[in-house]
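In what follows, every chain begins at residue 1, and chains take the letters A, B, ... in the order their sequences are listed.
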Amino acid sequence: MDVTVAEYIRRTVLKIPRDEIKTMLRKWGFLSETQLQTINFHQIKENISQDVVQLCEENSADIKQAAVLDIIYNHIYPNKRVWSVYQMNKTGEETEFFDLTDFKKKFKRRLRSALKNVTINFREYEDNAVWIRIAWGTPYTKPNQYKTSYVVYHSQTPYVFISVSVLKSNLPLLCQALVVASNYHDIHEMELRSHSLNSLKDIVFKRYSQNFQTYYPRPLQERNVAPENGDLRIIQENRNEKERIQRVNQEVFGDGPQPKLEFAQYKLETMFKSDPKMDVLDEKEPFRCLVKFSSPHLLESLKSLAPAGMADAPLSPLLTCIPQKARNYFKIREKKGFFPERFVSP
Amino acid sequence: LVGSDEGLQQKLAEAILREKKDFKISIHLATSLPLPSERDHLRPRIDLIAFMIDIKSKYSLKNVEASLAHVDASFFLGKVCFLVTGVGRVNYCSVEMNAIWKLGEVYCSPVLFCELELEGIRVATAQRLLRMLQICAGHIPGVSALSFGSLMRNSADD
């Protein structure tokens, strides 16, 4: 077995949390059940990985099998990577039957015709998702298994989720190959990025709870009820306002959990409007400014701003439109009074 | 208690109620002023208004400034005070200290810095507010709200 393959398998196993190693190796299916029984999964990971490599040596593992283990790892832990969403367009209306073998063949052929040194692996999952792992090399060097890109393509949809990692220069080639293989016309980036692959899918497949414009008539009796939390000496004066905020929030965000995004970025290319007396910028040039919101869970924190008393409700539509518009990277240009200058309330 | 942080308001109110006292007290929590007029007839006389400002939130300062405009001038004779929280987290301050000092000066009212998230300080603040409340309600003979207010201001200047 190639020493680089052995090292790669060893490092992949080390990434897996100890309690999950056995299950993942089973899913991989490369080592037999008898072989798995010989490994002590209670020792330290260093030793477990050595044992695994030893067994792989016995089975003469090659890079293809090692790559499959990597795909399985990334399928279970996709949130370790950053994913971008791309959408493909067809010119005609015909919905062609998706032929997986044809797709794989065309993809490999297209990619390899431009760059010989690539490792390409496919794996299919239940929800019509095709996972593609590509390890990139250069015209002069073998593929670097640690510099990989991942593509998740749902064949019944025009959406592709790409996690590029380091070598961004290979992206155009990758996109080309996808378009050719899937019989689409072109592909464009949707300006939607996150660590959470499932949340991205939720947004583009519209699987999150959306706000429906329902009218909830508030029963009049509620207003005069004393607060249930005990002490009658504490009086909440702004009950109505609080209820209004809850209602508005529910209308805007819906009831269920929000998709998980970490950033929202707004690139401003608008003119700086200052007090004429201040005379800050003489030239009529757009003021370049980047506003970035970051959070472990951006949409949930936006949802809790108004109830926490940190912002007015309703929030600016620039923030609340993120799931509906399916993007979290925006460019704001000067439009005749369409986007107001100050777009965040606090 | 007027402020935008409900949770903190509630905790402070509960701390105040837990203190031993020999008079009846009712605490009204509001996010801003003016108070909704539909409850006017149910409200007793107000003896003390404490405005809560969170240094980490410009929004809370704006809220308080807007509410101050609705306070009758007679309250500023010692019946108003400012509670400023969040000073411990220096990296997250978005309200400048100058703005706070100016507020206290312009409205001739004391500014108390208190990290209300800490229980010990909450209890201490509750006790101070209760003392102030007693004076403002006229329960302490010989000390008026105005004289107490000027006493606090003078000691702060030193």
Side-chain angles (χ1 to χ4, degrees), chain A residues 218-250 252 289 291-296 298 300-320 340-346, chain B residues 1-19 21 23-44 46 49 51-67 70 85-86 92 94-95 126 130 133:
Chain A
R218 262 180 318 137
L220 280 169
Q221 308 90 282
E222 270 185 52
R223 299 199 198 172
N224 297 329
V225 168
E228 319 86 46
N229 49 331
D231 215 316
L232 293 169
R233 290 171 296 174
I234 301 179
I235 297 132
Q236 301 269 6
E237 291 285 348
N238 297 101
R239 213 150 243 273
N240 292 350
E241 177 62 13
K242 292 197 175 66
E243 280 168 16
R244 184 192 74 92
I245 291 177
Q246 292 290 9
R247 215 173 46 245
V248 168
N249 242 25
Q250 188 173 45
V252 172
C289 173
V291 179
K292 192 171 184 177
F293 294 88
S294 64
S295 160
L298 184 71
E300 280 295 339
S301 51
L302 288 177
K303 186 176 177 182
S304 37
L305 276 181
M310 289 197 245
D312 288 327
L315 290 176
S316 159
L318 280 170
L319 292 168
T320 55
E341 257 348 282
R342 204 161 323 116
F343 53 77
V344 180
S345 329
Chain B
L1 293 175
V2 180
S4 41
D5 188 337
E6 265 182 67
L8 227 46
Q9 272 181 332
Q10 181 75 23
K11 282 196 189 140
L12 182 58
E14 286 165 5
I16 294 176
L17 290 175
R18 272 197 288 270
E19 290 295 314
K21 54 198 161 313
F23 51 90
K24 281 220 312 248
I25 179 177
S26 86
I27 306 177
H28 296 250
L29 306 181
T31 45
S32 64
L33 298 178
L35 295 172
S37 52
E38 60 249 16
R39 297 180 58 91
D40 273 346
H41 59 289
L42 295 169
R43 237 174 265 126
I46 297 196
I49 307 181
F51 288 98
M52 295 169 65
I53 300 173
D54 185 352
I55 285 234
K56 306 194 292 293
S57 161
K58 269 208 178 86
Y59 181 76
S60 74
L61 178 63
K62 280 207 170 71
N63 191 23
V64 164
E65 284 173 343
S67 303
H70 295 276
T85 65
Y92 296 99
S94 32
V95 175
L130 268 177
L133 184 60

J.: Is it the backbone or the side chain of Ser60(B) that comes under 4.5 Å from a heavy atom of chain A, or both, or neither?
T.: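 Nothing of Ser60(B), per the 4.5 Å heavy-atom cut-off to chain A.
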J.: Supply the atom-to-atom distance Gln10(B) CD to Ile234(A) CD1, rounded to the nearest 0.5 angstrom.
T.: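 So the gap between those two atoms works out to 4.5 Å.
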J.: Under the rule for salt bridge (charged side-chain N to carboxylate O under 4.0 Å, His left out), what residues qualify as partners of Asp5(B), not counting sequence neighbours?
T.: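 Expected list: none.
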J.: What's the shortest heavy-atom distance between Ala30(B) and Asn238(A), and which atoms?
T.: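 Shortest heavy-atom separation between Ala30(B) and Asn238(A) comes out as CA-OD1, 3.1 Å.
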J.: How long is the gap from CD on Gln236(A) to OG1 on Thr31(B), to the nearest 0.5 Å?
T.: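 Separation between the atoms: 9.0 Å.
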J.: Within this structure, what is the CD1-CG distance for the pair Ile235(A) and Leu35(B), rounded to the nearest 0.5 Å?
T.: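 Taking CD1 in Ile235(A) and CG in Leu35(B), the distance rounds to 10.5 Å.
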J.: I would like to know whether Glu237(A) and Val2(B) meet side-chain contact (heavy atoms from CB on, under 4.5 Å); could you show each step before the answer?
T.: CA-CA 10 Å; Glu237(A) 291 285 348; Val2(B) 180; over 6 Å; no
